[in-house]
Amino acid sequence: MIFCKTKGGWTIHLDFLQLLTTPFKQGQMPLLFFPARAEVLPEPLGLVLVLASWNFPISLALDPVIGAISAGNTVVLKPSELSPASSSFLANTIPRYLDSAALKVIEGGHDAAEQLLQQKWDKIFFTGSSRVGRIIMAAAANHLTPVTLELGGKCPTILDSLSISDLEVAIKRIVGGKWGLCSGQACIGIDYVLVEEKFASILVELLKKCIKAFFGDSMPNLKNLCRIVSKSHFDRVSNLLGDPRVAASIVHGGSWDEQNLMIEPTILLDPPLDADIMSEEIFGPLLPIITLNKIEESIEFINLRPKPLAIYAFTKNERFKKKLLSETSSGSITFNDAVVQFVADSLPFGGVGQSGFGRYHGKYSFDTFSHEKAVLQRSFYLELEPRYPPWNDFKLDFIKLAYKFDYLGLLLLLSGLRRIFKRSN
Amino acid sequence: MAFFDAAAMMKGLRGTYASGRTRSYEWRVSQLKALLKLASFHEKEIVDALRSDLSKPELESFLQEIALLKESCGLALKELHRWMAPEKVKTMMTTFPSSAEIVPEPLGVVLVISAWNYPFLLSLDPVIGAIAAGNAVVLKPSEIAPATSSVLAKLLGQYMDCSAVKVVEGAIPETTALLEQKWDKIFYTGNGKVGRIVSAAAAKHLTPLVLELGGKSPVIVDSNVDLKVAARRIIAGKWGCNNGQACVSPDYAITTKEFAPDLIDTLRSELEKFYGKDPLKSNDLSRIVNSNHFNRLSKLLDDDKISGKIIHGGQKDIANLKIAPTILLDVPGDSLIMEEEIFGPLLPILTVNNVEDSFNIIKSKDKPLAAYLFTNNKKLKENFISNISAGGLVVNDTTMHLAVPTLPFGGVGESGMGAYHGKFSFDAFSHKKAVLLRSFAGDLSSRYPPYTPKKLNLLKALVNGSLLGILRALLGWHD
C-alpha cells in the first residue's frame with residue numbers, strides 16, 4: 001500500500017501489483033523510502049601513483065597502469081631503478097604512444113620515490129617488499145591516501161604423495177615455479193617445499209634431474225636462467241648460505257659466479273628453521289625442503305608463519321585439500337600447480353596480512369582505481385508525515401510499523417484500532 | 001584508569017581465533033542473533049543512554065540507531081549463507097584445464113573504533129560485519145558518549161561470546177594502547193585528524209583500514225522544486241539528525257540569488273512547525289554533545305567575518321548545551337564556518353547566479369561524504385551525478401542512502417576509504433581468497449625450459465587466443 005498526503009487528509013492507494021512487479025533498482029528498502037532508485041556508479045579517484053618493482057619490470061609497471069587508465073585516472077608511474085633498462089624503455093616509449101599530459105613516467109631511485117610520496121595522491125599502488133610497504137603506507141597516512149600493497153612472503157609448496165606420472169608433472173611445475181620465474185626472484189615464486197620425510201630423497205633426485213634438463217648441469221653451463229638483479233641482492237642471497245648450518249644442508253648446487261651475478265639452482269634439505277633462510281623471504285634460487293612426519297603437519301607449519309601471498313599444494317586427497325582451504329590463509333591457493341593463478345584474470349590477485357592488501361587483475365584492476373559512488377534518487381511526491389517532528393506516539397508507532405513492513409499494523413493504526421493491535425516489539 | 005593490558009587481551013583473542021571458533025556458520029549466527037536480542041530487549045535502556053549522552057529524541061534513537069541496527073542484523077542473518085559461499089569464476093584458455101573460485105575468509109582479529117554521535121549504531125553496525133565475516137572483534141566505543149559506552153560494555157558482556165567479542169572502554173590512553181597492537185583490520189569512524197593517527201599506527205603493521213570520516217556535505221537547491229518537501233527533507237537531514245551532528249548532515253546549502261528568499265522563508269516556516277517558536281525548548285532536538293563542541297560552534301558564530309550574516313536563530317543555552325537551528329546567508333568563503341565541517345545546527349546558505357555555478361564551489365573543496373541536490377531538471381541531475389564526486393549522492397532527499405543496504409556507504413578522498421552496510425560490511429572484514437584447481441593432465445611442455453622458438457610461438461598463440469595460431473604452432477611442432 002502506498003500512502004499519500006493530499007489536501008483533505010490521507011489517501012491510500014492500493015497498488016499491490018506495482019509493488020510486487022517493480023523491483024527496486026537494487027533490492028528492497030523499507031516502505032519509508034519508496035519510491036526510490038539506487039545505483040552504484042564507478043568513478044575515477046583522480047591522480048594515482050604506481051610504484052613498480054624490478055623483477056617483472058614491464059608487467060608489474062603496466063598492469064596496474066592499465067587498471068588506472070581504464071578507471072579514468074591520471075597516472076604517474078615510477079619504475080624501479082634496479083631494472084634500469086626496462087625503466088628507460090618505459091620512460092622513452094610510453095610518451096610516444098600514450099597521452100603524456102595524463103600519464104607520466106618518473107625514473108629514479110629513493111630520492112625520486114621520497115619526493116613523490118610527499119605529494120597528495122588519490123591512490124598509491126605499490127609492488128615490492130613489506131619493509132618499503134610500511135614506508136609507503138606511513139607516507140600515505142599523512143594525506144589519507146588509500147593504498148594497494150602487493151607485497152611478498154614465503155610461499156610454501158606442499159607436496160603430498162602422488163603417483164609417479166603425477167609426480168613427474170608436479171616436479172616440472174615446482175622447478176618451473178621456482179627457478180623458471182626470474183630465478184626465484186618472484187613474489188609468488190615457490191619459496192620452500194614441505195614434504196613427508198619418506199619422500200624427501202626421491203624428491204631431491206627428481207628435482208636434480210629436472211633442473212639438469214631445464215637449466216643445465218652446473219656452472220658455468222647454466223642456461224635459461226635469470227641472474228640475480230644486483231650486487232646487493234646477490235650478497236643478500238649468498239649470505240643466506242653463509243650460516244654453516246645452512247651450508248651443511250645443501251644437497252644440490254650451492255655455487256655461484258659473483259662476476260655475472262649468477263647463483264646455481266640450489267636445494268637444501270632441512271636447514272635450521274631459525275636461520276635467516278627460513279625466516280625471511282628468499283627471493284632467489286635457493287629451495288629449502290622441509291620434511292615432516294605427516295603431510296597434514298604442513299598446515300600448522302604454515303599457520304605459525306605470516307600469511308603468504310600464495311600457497312601451492314600438490315595433492316589429490318580431497319579431504320586434505322578442503323582442510324588446507326579452510327585452515328590456512330593466503331592471498332591465493334593453487335592446487336597441483338604453481339604461479340599460474342597469476343594469469344587467471346577472473347581471480348583477484350593480492351595478498352593478506354603481511355603479504356599485502358588490495359587486489360588487481362581483470363576487473364579488479366578497474367575497481368582498485370575506482371571509487372564506487374552510491375547514488376540514491378527520490379521523487380518529491382509520496383511524503384511521509386511521520387518522518388518529521390514534532391513527534392508523538394502516533395508517529396513513533398507508524399515509523400516502527402512501516403519499518404517492519406507491517407502493513408496490517410499500519411492499517412489498524414491508521415483506522416484508529418491501535419489498541420486492539422498492541423504487539424510486543 | 002586501571003592499567004589496561006592490550007597485549008594480553010590480544011593474545012587471548014588470537015588464541016580464540018586460532019581455535020577456529022569464530023569461523024563456523026553456527027557461531028556467527030548465534031552472535032548475530034544475540035545482537036538482535038540485545039537491541040530488541042533493551043530498547044528502553046539504549047534510548048535512555050542516548051538521551052543522557054545527547055538528549056537524543058526517542059524517535060531519532062529508534063529510527064536512526066536501533067531500527068537500522070536491527071535491519072542490519074536481520075539482513076546478515078538472512079544472507080549469511082550466501083555471503084559465505086564460494087563464488088565460482090570463469091577460467092580462461094591460459095589455465096586450461098582448471099576450475100577457479102573465490103572463497104571469503106575472515107581476516108582474524110579486528111578493531112572497531114566508534115564515534116559519539118550515533119554511538120549505538122556506529123559501534124554495532126561494523127561489529128555485525130566483523131562477526132558475520134567470522135572474525136574476533138574488539139569494540140572501542142567513544143568516551144564522549146559515556147552512557148552508551150557503558151550500556152554497550154554491559155550488554156555485549158551479557159549477550160556475546162566474550163572470548164571473541166570484547167568491549168574496551170576508555171579514552172586516548174586506551175585507544176593508543178589498542179593501536180599499538182597488530183590487528184588484521186581496523187575500522188574507524190570519526191574525523192580526519194584522528195583518521196591520520198589511526199592510519200599511521202596501522203602502517204606499522206601493514207593493517208588494512210576502513211576510515212569513515214566526514215566533510216562538508218553540500219546541498220544544492222534548484223528553483224523548480226516542490227519547495228515545502230525539499231525544505232522538510234533538508235531540515236530532517238540537518239536538524240533531524242542529531243541536530244546537525246552527523247557525518248552525512250547537509251553542512252551548507254547553495255541556491256540561486258533569486259531563489260534564496262523563498263528557500264529561507266520556507267525553511268523558517270517549516271522549522272517553526274517542527275520545533276516551535278522557541279526551539280531551545282523543543283524535545284525533538286538533540287543537544288550539543290559537550291561543552292568542547294558547544295564552544296567550538298559558538299566560535300563559528302562569533303567569527304567577525306560572519307557578523308550580520310545570521311538570518312535565523314543563533315540563540316544559545318549554554319547551561320543545557322543547546323543551540324537553536326541557525327541559518328546564515330552568504331558567509332565569506334574564508335570564514336571559519338566554511339573552512340571546517342560544522343557538525344552542528346548551523347546552516348550557511350551560499351547564493352550563486354546560476355545553479356550550475358554551485359558545482360565549482362563544491363569541487364573547490366575536499367570530496368565530502370555526501371552531496372545532495374534538489375531539482376526536477378534532468379540535465380542538472382545527470383550533470384550532478386556524473387561530475388560531483390562524494391562518498392554518496394542523493395537527489396531530492398538527504399541522508400537516506402545510508403539506510404539502503406544495497407548501497408556501499410563510505411567516503412572518498414578526505415571523507416574516507418572503504419565502505420560498509422549490507423554485504424559490503426561482510427566484504428570489508430573478509431579476505432577474498434583466490435583458489436585455482438588444476439589437474440595433472442594436459443601438462444603443456446611449452447611452459448618449461450629449454451625454451452625454443454616453437455614453444456614461444458605456441459605460447460604466444462595461446463595467450464592471444466588464436467586457434468589458428470595454436471594449430472599452426474602445433475603443426476610446426478610436429479613437423
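Labels below follow one simple rule: chain letters A, B, ... track the order of the sequence lines, proteins then strands, and each chain is numbered from 1. This one's a predicted model, so the numbers in the text were calculated from it and none came from an experiment.
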For chain A, the option from [options] that forms the most heavy-atom pairs under 4.5 Å:
{"options": "B/Val198, B/Asp284, B/Thr91", "answer": "B/Asp284"}
{"options": "B/Leu211, B/Ile235, B/Leu285, B/Val225", "answer": "B/Val225"}
{"options": "B/Ala441, B/Ala100, B/Ala390", "answer": "B/Ala390"}
{"options": "B/Ser389, B/Ala370, B/Pro106", "answer": "B/Ser389"}
{"options": "B/Gly392, B/Pro208, B/Gly276", "answer": "B/Pro208"}
{"options": "B/Asp226, B/Asn283, B/Asp443", "answer": "B/Asp443"}

Exercise. Take B/Lys433 and A/Ser330, measure what side-chain contact (heavy atoms from CB on, under 4.5 Å) needs, and give me the verdict at the end.
Key: CA-CA 7 Å; B/Lys433 183 160 74 178; A/Ser330 52; 3.9 Å; yes
Side chains of [X] and [Y], heavy atoms from C-beta outward: is any pair under 4.5 Å?
{"X": "B/Ile102", "Y": "A/Leu347", "answer": "yes"}
{"X": "B/Tyr275", "Y": "A/Pro390", "answer": "no"}
{"X": "A/Val147", "Y": "B/Met417", "answer": "no"}

Output the option from [options] having the highest count of non-hydrogen pairs under 4.5 Å with chain B.
{"options": "A/Trp391, A/Phe335, A/Phe357", "result": "A/Trp391"}
{"options": "A/Gly133, A/Gly353, A/Gly331, A/Pro348", "result": "A/Gly331"}
{"options": "A/Thr334, A/Val169, A/Leu144", "result": "A/Leu144"}
{"options": "A/Ile135, A/Asp337, A/Ile136", "result": "A/Asp337"}
{"options": "A/Asn142, A/Leu149, A/Asp122", "result": "A/Asn142"}

Measuring heavy-atom distances to chain B, does [X] have an atom under 4.5 Å in its side chain, in its backbone, in both, or in neither?
{"X": "A/Phe215", "result": "side chain"}
{"X": "A/Arg173", "result": "both"}
{"X": "A/Lys307", "result": "side chain"}
{"X": "A/Thr328", "result": "both"}
{"X": "A/Ala170", "result": "both"}
{"X": "A/Leu151", "result": "side chain"}
{"X": "A/Ile333", "result": "both"}

Pairwise distance [atom1]([X]) to [atom2]([Y]) - rounded to 0.5 angstrom:
{"X": "B/Leu444", "Y": "A/Lys172", "atom1": "CG", "atom2": "NZ", "result": "9.5 Å"}
{"X": "A/Tyr364", "Y": "B/Lys432", "atom1": "OH", "atom2": "NZ", "result": "7.5 Å"}
{"X": "A/Asn224", "Y": "B/Tyr448", "atom1": "CG", "atom2": "OH", "result": "14.5 Å"}
{"X": "B/Glu105", "Y": "A/Ser326", "atom1": "CD", "atom2": "OG", "result": "9.5 Å"}
{"X": "A/Lys373", "Y": "B/His401", "atom1": "NZ", "atom2": "NE2", "result": "11.5 Å"}
{"X": "A/Asp345", "Y": "B/Lys90", "atom1": "CG", "atom2": "NZ", "result": "11.0 Å"}

Exercise. For A/Ser370, enumerate each residue passing the side-chain contact (heavy atoms from CB on, under 4.5 Å) test, keeping only those at least two apart in sequence or located in another chain.
Key: A/Pro42, A/Ala71, A/Phe366
Is it the side chain or the backbone of [X] that comes within 4.5 Å of chain A heavy atoms, both, or neither?
{"X": "B/Ser98", "value": "neither"}
{"X": "B/Arg233", "value": "both"}
{"X": "B/Glu270", "value": "neither"}
{"X": "B/Leu107", "value": "both"}
{"X": "B/Leu206", "value": "both"}
{"X": "B/Lys273", "value": "backbone"}
{"X": "B/Tyr451", "value": "both"}
{"X": "B/Ile388", "value": "backbone"}
{"X": "B/Ser439", "value": "backbone"}
{"X": "B/Ser415", "value": "neither"}

[X] versus [Y], closest heavy-atom pair with distance:
{"X": "A/Ala138", "Y": "B/Ala203", "value": "N-CB, 3.5 Å"}
{"X": "A/Ala141", "Y": "B/Ala200", "value": "CB-N, 3.6 Å"}
{"X": "A/Tyr388", "Y": "B/Ala236", "value": "CE2-CB, 3.8 Å"}

Quiz item: Would you find more than 12 non-hydrogen atoms of other residues, nucleotides or ligands less than 6.0 Å from B/Glu382 atom CD?
Solution: yes
Exercise. Look at the rings of B/Phe374 and A/Phe380 and say which category their plane angle falls in: under 30° parallel, 30 to 60° tilted, over 60° perpendicular.
Key: tilted
Quiz item: Would A/Asn336 and B/Leu437 count as a side-chain contact (heavy atoms from CB on, under 4.5 Å) if you check the C-alpha gap in whole Å, the side-chain angles of each, and the deciding distance to 0.1 Å?
Solution: CA-CA 7 Å; A/Asn336 299 332; B/Leu437 294 117; over 6 Å; no
Quiz item: So which of B/Asp397, B/Ile385, B/Asn396, B/Leu393 actually passes side-chain contact (heavy atoms from CB on, under 4.5 Å) with A/Gln377?
Solution: B/Ile385
Quiz item: Using 4.0 Å as the upper bound for N to carboxylate O, is an ion pair formed by A/Lys120 and B/Glu414?
Solution: yes
Exercise. Take B/Lys182 and A/Gln354, measure what side-chain contact (heavy atoms from CB on, under 4.5 Å) needs, and give me the verdict at the end.
Key: CA-CA 11 Å; B/Lys182 174 169 154 54; A/Gln354 296 298 296; 2.9 Å; yes
Exercise. Please lay out, stage by stage, how B/Arg447 and A/Val340 fare under the test side-chain contact (heavy atoms from CB on, under 4.5 Å).
Key: CA-CA 10 Å; B/Arg447 302 168 53 169; A/Val340 288; 3.9 Å; yes
Self-check item: With sequence neighbours excluded, residues passing salt bridge (Lys or Arg N to Asp or Glu O under 4.0 Å) with B/Lys367
Solution: none
